[in-house]
Amino acid sequence: MLDSRITRLWQVFLDFFRFDPGKISLALCLMLLQGLTAGVGLLLIIPLLHLVGINFSEHIESPVANGVAGMFGRLGVELTLPLLLCLYILIVAAIASLRYQLSVLNTATQQRYIHFIRNRLYRRLLATHWQFIVENKMSDFTHSLTGQVQSIGVAVQQIVQLLSNLILALVYIGFALLLSWQMCLLALVCASILLAIVLPFNRLVYRSGHTQLTSFKSIFQMLTEQLASLKMIKSYSSEQFYADQVEQSSVLLEEQQIRITKINALTQWVFAVGTVIIFSLLFYFSLQWLDIALPSLLLLLVIFSRLLPQILTIQSTCQRLLHAVPAINDVDDMLMRCEAAQESQSASTVQTPVLNQHIGLHDVSYRYPGQDQPVFEPMNLEIQRNQTVALVGPSGSGKTTLADLIAGLLVPDSGSITCDGIELSGEQRLAWRRRVAYVTQEVFLFHQSIRDNLIWVNDQATDDDCWRVLKLAAADEFVRQLPTGLNTIIGDRGIRLSGGERQRLALARALLSNPQLLILDEATSALDHDNEQKIQQALQQLQGKLTILVIAHRETTIQHVETRVNLASG
């Protein structure tokens, strides 16, 4: 099981490396250089001061000082205290600059990779067929595209840091081997024992990551649904009930966060105590059994004092990565499911069907996944150009399903749908959707101006175009009365407008896309009599000018429609 997690992390790193091999290789080199130069400023100041006669001991022999003195001697430059202090400042500034460049490089590469992953996943999601979308939770899509993708970005940066730490640890081990292979072997054996002690913690960390993922998805879904239903919650005075639900989920998440913190803290405690024990054993062993010169021994202890914290850092990074594996798998699973549910991507190169005569349904039937019976009996229907047709029937009779089939959102299980005799299948079906405008009972509007909410379906539209469709939708009068007309910000989901105003604005937006087929699915069911009358007037203006398919329960909504298809009677 652990091998599979390591393999998964390695695959993530390879994907990250292929994304930008040049900059990632540079980052690895800079990380290694940063590790090797850690604390070099303090190590250099004493031998540099020794060069100008400031002696802390009469017996100081510094190779660094001698090397610097030789270099300046060959250049013919006299060493002075100001010059050496300037040199020291330059060295520290160079190291600080290295850290600055590395920080910027890492962040830029990480953020570009996060953008790449999010963009790839979102494009895959947008290209899936409609049935896949309705079978999944919107909150899962949102969570994967935000928090989970961000977790992958953090994880790949930690993998790069881990590789850098591993390389640096190997460098320290190499130095130690040159000085005393016995001491180095003893240190590695002790470090291996220490790693074996904390190995069970890694399994706990992975399970913790899986539990945290489930908890986060649960609370994310809960908050998404509740925030979208705040009006209903307040209208039923149910604030306390829903607040208690969120609190219960938050408590579970809080307990999980505390649990993982305890695991990490315990790991650090074991390493802190274990490091001291190992350090003491090494010192004692070298003095009692090994004939190591005191300078070499001190150098070895310095190397081990750097190596052991490196091992702790590697272990801590491994735990964080194992904790992130469930999030990585979640995004990977979402990506694979989206890829399996892809629609054709070449519809943009296909000529869009043009409705000049009629839309035909020929023995069309459809059944939802997991159901044995079709939603309705095989359907034969012909809708003439610029004709208005009403779909009637009780709830569950398949009115919306039939509309989705005609719109090209769903694919019939049997039969065919044609436009002027051309079958709307494959790429033609996707291209046909450009000719269709769909208005549902639930209107989605952006927290932007009325103009912005209109033109996102047609970015070439002018203000005159906007006013034209607003008039067709019987919405121009109320828009002109707003404080700044088309520039009026309508609030989140259009909350500053009434239900009737939002619905008429949605109708105007649909008309601005210049559709050949307009579908209205229960578009007036939630409106009062006055607003329903205004929508009816708008539809009457459009009769004979546009092909319209209307779904409604109320007779008043379709009283002006002559052609009706009753799904209850087959």
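Position 1 is the first residue of the sequence, and the numbers go up from there.
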Inset, instruction - May I ask you to check whether R385 and N356 show a side-chain donor-acceptor distance below 3.5 Å? - result: no
Inset, instruction - May I ask you to decide if F141's main-chain N or O and N136's side chain share a donor-acceptor pair within less than 3.5 Å? - result: no
Inset, instruction - Classify the side-chain pair Q11/D15 by whether it contains a donor and acceptor separated by less than 3.5 Å. - result: no
Inset, instruction - Look at the side chain of D420 and the backbone N and O of L355, then say whether any donor-acceptor pair between them is shorter than 3.5 Å. - result: no
Legend entry - Backbone of N487 reached by a side-chain donor or acceptor of S449 within 3.5 Å: no
Legend entry - Exercise: identify the closest heavy-atom pair between V331 and S144: CG2-O, 4.1 Å
Inset, instruction - Taking only Lys NZ, Arg NE, NH1 and NH2, and the carboxylate oxygens of Asp or Glu, determine whether R433 and E343 approach each other closer than 4.0 Å. - result: yes
Inset, instruction - Begin from the C-alpha positions of D476 and R504 and carry the test salt bridge (charged side-chain N to carboxylate O under 4.0 Å, His left out) through to its verdict. - result: CA-CA 9 Å; D476 59 323; R504 281 178 278 159; over 6 Å; no
Legend entry - I489 backbone acceptor or donor facing R496 side chain under 3.5 Å: yes
Inset, instruction - Drop me the distance from R451's CZ to L470's CG, to the nearest 0.5 angstrom. - result: 10.5 Å
Legend entry - E501 side-chain N/O to S498 backbone N/O, donor-acceptor pair under 3.5 Å: yes
Legend entry - Backbone N/O of I406 and side chain of W432: donor-acceptor pair under 3.5 Å: yes
Legend entry - Smallest separation among heavy atoms of A506 and V443, with atom names: CB-CG1, 3.5 Å
Inset, instruction - Would you check if there is a donor-acceptor pair between the side chains of Q131 and Y366 at a distance under 3.5 Å? - result: yes
Inset, instruction - Identify whether the distance between the nearest side-chain nitrogen and carboxylate oxygen of R468 and D463 falls below 4.0 Å. - result: no
Legend entry - Spatial distance of atom CD (E339) from atom CG (L121) [nearest 0.5 Å]: 9.5 Å
Inset, instruction - Check Q150 against I114 and note the closest heavy-atom contact, atom names and distance. - result: NE2-CD1, 3.6 Å
Inset, instruction - Measure across G485 and I450 and return the closest heavy-atom pair with its distance rounded to 0.1 Å. - result: O-CD1, 4.0 Å
Legend entry - Heavy-atom closest contact (Q158 atom, T317 atom, distance): O-CG2, 3.5 Å
Inset, instruction - Please determine, by modelled atom types, if E382 and Q384 share a side-chain donor-acceptor pair under 3.5 angstrom. - result: yes
Legend entry - Closest approach of H362 to N380 (non-hydrogen atoms, all atoms of both residues): CA-OD1, 3.4 Å
Inset, instruction - Supply the atom-to-atom distance S250 OG to M222 CE, rounded to the nearest 0.5 angstrom. - result: 8.5 Å
Inset, instruction - Verify the neighbour count for atom CG of L14: are there more than 12 heavy atoms of other residues, nucleotides or ligands below 6.0 Å? - result: yes
Legend entry - Donor-acceptor under 3.5 Å (R502 side chain, L497 main chain): yes
Inset, instruction - State, with a plain yes or no, whether a side-chain heavy atom of W456 is found less than 4.5 Å away from one of R509. - result: yes
Legend entry - Check: D20/Y113 side-chain N/O donor and acceptor closer than 3.5 Å: no
Inset, instruction - Might you confirm whether atom CD of Q373 has over 12 heavy atoms from other residues, nucleotides or ligands at distances under 6.0 Å? - result: no
Inset, instruction - Check the surroundings of atom CD in E477: do more than 12 heavy atoms from other residues, nucleotides or ligands lie under 6.0 Å from it? - result: no
Legend entry - Sole residue of Q157, K23, Q111 in side chain to side chain donor-acceptor pair (under 3.5 Å) with N106: Q157
Legend entry - Main-chain N/O of L445 paired with N453 side-chain donor or acceptor, under 3.5 Å: no
Legend entry - Check: D521 side chain, T400 main-chain N or O, donor-acceptor pair, under 3.5 Å: no
Inset, instruction - Look at the aromatic rings of F19 and F16 and report parallel, tilted or perpendicular, splitting at 30° and 60°. - result: parallel
Inset, instruction - Using the ring of W467 (Phe, Tyr or Trp, six-membered ring only), decide whether R480 places NZ or CZ under 6.0 Å from its centre and within 45 degrees of its axis. - result: yes
Legend entry - Evaluation steps, side chain to side chain contact (heavy atoms under 4.5 Å, CB included), between V12 and V156: CA-CA 7 Å; V12 170; V156 294; 3.4 Å; yes
Inset, instruction - May I ask you to decide if I417's main-chain N or O and E423's side chain share a donor-acceptor pair within less than 3.5 Å? - result: no
Legend entry - Flag for Y368-T401: side-chain donor and acceptor within less than 3.5 Å: yes
